[in-house]
Amino acid sequence: MLQKIVIVGASSGIGRALAVELARPDRKLGLVARRASELADVAAEVRRKGGHAEIEVCDAADVEAAEAAWHALKERLDGVDAIVYAAGVMPDVDPDEFNTAKDQAMIAVNVIGAIAWLNCAAREFQSLGRGVICGIGSVAGDRGRRPSPVYGASKAALHTYLESLRNRLWVHGVRVVTIKPGPVDTPMTHGKGAMPLMVSAPVAAKRIAQALEGGPEVVYVAWPWRYIMLILQHIPSILFRRFAK
Ligand SMILES: NC(=O)c1ccc[n+]([C@@H]2O[C@H](COP(=O)([O-])OP(=O)(O)OC[C@H]3O[C@@H](n4cnc5c(N)ncnc54)[C@H](OP(=O)(O)O)[C@@H]3O)[C@@H](O)[C@H]2O)c1
């Protein structure tokens, strides 16, 4: 069993539900996000379940802060067995909007922050010869759709980065897991209208917790999405641009 797990983006939604799901007396969690009070609430919930939680307030988009926070947590947890990068942002984007500042802010958290944190873990786990690295991608990264070009591109970049880490690190005994949730009921999706096959954050967290311990390394949280995305990926672009939203 994985005993020391860092969750980046633990203050809300999927990361928060995962912390609660993973909480148990023989496990230590490192909880990272920007909002200290939300993190304190999550830590209290973990402790109510008998677990141990250490908090690190950190902006994932700040690469130097990520490096320092990783080392601080590693010391306080007395080592790390697994890391889950769950931090992410998905601002609303108007159909006719092309806003580079907004896009850059998305890339900073969804891609650069992931690379900063997961590179720290990759170096550590490579030298230890064990460990689990997990990133929360999205079905949105499987095909370039209209609503949010850079959100989808950020998840596609994360998927490819994780695949490369997997191909590098398997010889060192390190598992690299890519989670592709479909819609999950969290603050990120509130107010965005009805979404198909939506699951709750605790259901997503349970599936992610299973995936950390073993099984396939690319996981669609709700299984129909694997087949839906397989079909969508094979629709020729000339048709996809006309019919897919
Ligand atoms: N909900 C969905 O339907 C869905 C579907 C597919 C994929 N995902 C992915 O799942 C992940 C979690 O999303 P969610 O639905 O749980 O969203 P959420 O409830 O909005 O939570 C986002 C988390 O990311 C953290 N975060 C955002 N910016 C950060 C920054 N600069 N530094 C550190 N932490 C930061 C937030 O913490 P602070 O604000 O406290 O910093 C929060 O803990 C994201 O990567 C998202 O893209 C979600």
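All ligand and atom numbering here is 1-based and tracks the order in the structure. Quick note: numbers below take in every heavy atom, side chains included, and nothing from hydrogens, waters or symmetry partners. Because the structure is a prediction, the values reported are computed rather than measured.
Seen from the ring of Phe240, Arg143 counts as a face-on cation partner, given the 6.0 Å and 45° thresholds.
A donor atom on one side chain and an acceptor atom on the other are found under 3.5 Å apart for Thr178 and Arg166. Looking only at atom types and distance, the side chain of Asp142 has a donor-acceptor partner in the side chain of Tyr220 under 3.5 Å away. Ser237 and Arg241 form a side-chain donor-acceptor contact under 3.5 Å, judged by distance and modelled atom types alone.
Distance alone, capped at 3.5 Å, places no donor-acceptor pair between the Arg207 side chain and the Val203 backbone. In this structure a side-chain-to-backbone donor-acceptor pair under 3.5 Å is present from Glu213 to Leu2.
Taking a heavy-atom cut-off of under 4.0 Å, ligand 1 is surrounded by Gly9, Ala10, Ser11, Ser12, Gly13, Ile14, Ala33, Arg34, Arg35, Cys58, Asp59, Ala60, Ala86, Ala87, Gly88, Val89, Val109, Ile136, Gly137, Ser138, Tyr151, Lys155, Pro181, Gly182, Pro183, Val184, Thr186, Pro187, Met188, Thr189.
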